[in-house]
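Note sheet for the following structure.
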Amino acid sequence: MKILQINSVVGIKSTGRICADIADILRENGHDCLIAYGREKAAEKYKDICIRTDSTIGVKMHALQSRIFDNAGFTRKKATKKFIEKIRQYKPDIIHLHNIHGYYINVEELFLYLQQVDIPIVWTLHDCWAFTGHCTYPSRINCEKWRQQCFNCEQKNNYPISKVVDASRNNYNLKKRLFTNIKNMSIITPSEWLAGFAKASFLSKYPIEVIHNGIDTEVFVYRESDFKNKYLIANRKIVLGVASSWGKTKGLNDFILLSQKLKKEYCIVLVGINKKQKNLLPKNIIAIEQTNSPIELAEIYSAADVFVNLTYADNYPTVNLEAQACGTPVITYKTGGSIESVPASQIVEQGDLEGVIKLIAEICEKDKYMLFERDVFDRRKTFEKYLDIYKAKMV
């Protein structure tokens with residue numbers, strides 16, 4: 001089989017690593033796979049097709065237009081048409097979509113092409129953008145408009161940010177027309193939570209199946225680390241948070257409040273902080289910029305005493321799996337699919353920092369050893385399910 005994957009990034013961040021893992025498994029099984037991406041740098045192994053025709057100028061211009069006209073996903077026509085020519089040359093048996101938002105591709109041009117060709121489509125949703133008029137997580141404000149018709153979007157100042165125009169009604173109608181006119185498409189979600197949303201949306205006309213995210217359980221294992229000595233916190237308990245990008249939705253404000261409430265025996269470490277945030281954070285938080293080294297990340301997970309996920313909007317975060325695979329217990333807010341990989345006793349209502357503090361103390365009093373079903377979450381076992389879907393599509 002020849003499989004073409006399309007995603008905003010490859011080899012980095014959660015969705016980019018998922019694409020790379022699927023490509024590895026396909027190639028190991030004797031299949032051909034190319035990954036088309038539009039943002040960031042790609043590892044040489046996965047540098048297959050870069051959709052952007054310039055450096056980063058086009059992506060920045062797309063983002064700028066979106067901030068004014070609320071048209072994220074509906075510019076970049078020239079780059080998308082050139083990319084479509086590459087699809088024709090490659091002649092894939094299956095096209096596997098991932099995140100098609102991110103200012104790098106024109107979804108209208110792409111889907112008009114997909115409507116014309118007889119190529120089966122598999123689309124893994126990593127958020128709700130596909131069936132809303134603007135936002136990625138309507139659950140953030142308990143919005144229900146997406147079920148029938150988006151309008152007057154209350155989240156237009158959230159990604160993909162629009163500071164001027166509200167085009168949510170038009171975007172919703174355009175997406176509905178484009179995304180529901182494909183002959184042969186299957187929808188995959190990594191969580192039961194997102195599957196429930198998809199089944200209540202206009203995408204419900206397609207088969208919807210859950211395939212949980214997997215991780216590399218050979219990389220994410222307990223690893224000896226000098227992390228505590230390096231940061232002079234050998235006698236303190238590490239409360240860890242990891243994200244590809246931090247903001248209010250990921251719980252950054254809550255971590256700042258938590259740092260004011262925790263006793264001095266605890267030290268908060270946040271990974272994925274950008275330089276601007278680093279300068280603004282309280283001095284009692286150790287801020288580490290993003291690392292694209294899975295082994296380095298595994299060493300940090302291993303050094304931590306507890307991993308805390310204070311997210312307010314999430315699908316099925318791989319950070320929860322990675323931390324537990326390294327032997328570190330996870331506490332999460334009761335958010336989206338984040339609760340599906342964490343013991344029920346370690347789930348806290350959103351914003352309940354006192355509940356988080358209580359759980360941190362309870363967990364840190366015990367030995368760190370915990371059971372983790374490595375086989376269940378191993379990427380090979382989870383992502384091999386895609387092979388079955390591809391084969392079924394070929395019949």
Side-chain angles (χ1 to χ4, degrees), residues 7-21 23-24 35 37 39-47 56 99 102 126 213-234 236-247 249-252 255-256 259 267-311 314-330 332 338 341 377 379:
N7 190 47
S8 53
V9 295
V10 59
I12 59 172
K13 302 181 180 179
S14 59
T15 62
R17 290 201 296 269
I18 288 166
C19 289
D21 288 344
D24 288 344
I35 304 175
Y37 65 99
R39 302 189 58 163
E40 311 287 346
K41 292 181 180 179
E44 201 64 40
K45 183 179 178 182
Y46 307 108
K47 198 178 285 185
T56 59
N99 271 353
H126 298 283
N213 293 334
I215 59 170
D216 188 338
T217 54
E218 294 178 5
V219 169
F220 291 102
V221 295
Y222 177 79
R223 294 175 180 272
E224 293 292 337
S225 168
D226 65 347
F227 184 87
K228 283 192 173 183
N229 291 329
K230 180 181 177 181
Y231 286 92
L232 305 177
I233 52 172
R236 300 174 71 188
K237 303 288 187 181
I238 292 179
V239 177
L240 177 65
V242 177
S244 57
S245 61
W246 283 96
T249 300
K250 283 295 182 183
L252 183 59
F255 269 110
I256 293 172
S259 72
C267 177
I268 293 177
V269 176
L270 299 182
V271 178
I273 295 292
N274 63 40
K275 290 180 180 179
K276 183 179 179 181
Q277 292 169 331
K278 196 171 185 178
N279 294 330
L280 296 174
L281 284 176
K283 298 301 181 185
N284 62 343
I285 294 179
I286 294 176
I288 299 173
E289 292 180 32
Q290 188 180 54
T291 173
N292 288 323
S293 166
I295 290 177
E296 181 184 358
L297 189 55
E299 289 174 351
I300 299 173
Y301 282 129
S302 299
D305 295 276
V306 59
F307 181 85
V308 179
N309 193 342
L310 303 182
T311 180
D314 232 317
N315 177 8
Y316 191 83
T318 53
V319 289
N320 289 357
L321 305 180
E322 292 167 353
Q324 291 175 96
C326 295
T328 301
V330 173
T332 182
S338 186
S341 59
F377 297 106
R379 61 175 181 165

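Heavy atoms only: backbone and side chains are in, while hydrogens, waters and symmetry mates are out. Here the structure is a predicted model, which means the values were calculated and not measured. Residue numbers count from 1 along this sequence.
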Once salt bridge (charged side-chain N to carboxylate O under 4.0 Å, His left out) is applied, do any residues pair with [X], and if so which ones, sequence neighbours excluded?
| X | value |
| --- | --- |
| Glu299 | none |
| Arg17 | Glu322 |
| Lys13 | Glu40 |
| Asp305 | Lys228 |

Who are the side-chain contact (heavy atoms from CB on, under 4.5 Å) partners of Lys278, not counting sequence neighbours?
Ile273, Ala287, Glu289
Run the side-chain contact (heavy atoms from CB on, under 4.5 Å) test against Pro294 and tell me which residues pass, sequence neighbours left out.
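Applying side-chain contact (heavy atoms from CB on, under 4.5 Å) to Pro294 gives Val219, Phe220.
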Considering residues at least two apart in sequence or located in another chain, which fulfil the ring-ring contact (aromatic ring centres under 6.0 Å, His included) criterion with Phe227?
Tyr231
Using a 3.5 Å distance criterion without hydrogens, assess whether the side chain of Asn274 forms a donor-acceptor pair with backbone atoms of Gln277.
yes
Do Thr291 side-chain atoms and Leu297 backbone N/O form a donor-acceptor pair below 3.5 Å?
no
Can you list everything that forms a side-chain hydrogen bond (donor to acceptor under 3.5 Å, both in side chains) with [X]? Sequence neighbours excluded, please.
| X | result |
| --- | --- |
| Thr249 | Arg140 |
| Asn309 | Asn320 |
| Thr15 | Asn7 |
| Asp24 | Lys45, Tyr46 |

Hey, does [Y] have a side-chain heavy atom less than 4.5 Å from the side chain of [X]?
| X | Y | result |
| --- | --- | --- |
| Tyr37 | Val9 | no |
| Val242 | Tyr301 | yes |
| Asn284 | Ile268 | no |

Hey, what do you get for [atom1] ([X]) to [atom2] ([Y]), rounding to the nearest 0.5 Å?
| X | Y | atom1 | atom2 | value |
| --- | --- | --- | --- | --- |
| Leu252 | Ile285 | CG | CD1 | 7.0 Å |
| Gln290 | Ile288 | CD | CD1 | 12.5 Å |
| Gln324 | Ile215 | CD | CD1 | 8.5 Å |
| Ile12 | Ser293 | CD1 | OG | 13.5 Å |
| Ile18 | Asn213 | CD1 | CG | 3.5 Å |
| Ile286 | Lys230 | CD1 | NZ | 10.5 Å |

Among side-chain atoms of Ser225 and Ser302, is any donor-acceptor pair under 3.5 angstrom?
no
Specify the closest pair of heavy atoms between [X] and [Y], including all atoms of both residues, with the distance to one decimal.
| X | Y | value |
| --- | --- | --- |
| Ser341 | Leu321 | CB-CD2, 3.6 Å |
| Gly214 | Thr318 | O-CG2, 4.4 Å |
| Ala303 | Ile238 | O-CD1, 3.8 Å |
| Ile35 | Cys19 | CD1-O, 3.7 Å |

Name all pairs fulfilling the side chain to side chain donor-acceptor pair (under 3.5 Å) condition that reach into residues 236-246, sequence neighbours left out, sorted by first residue then second.
none
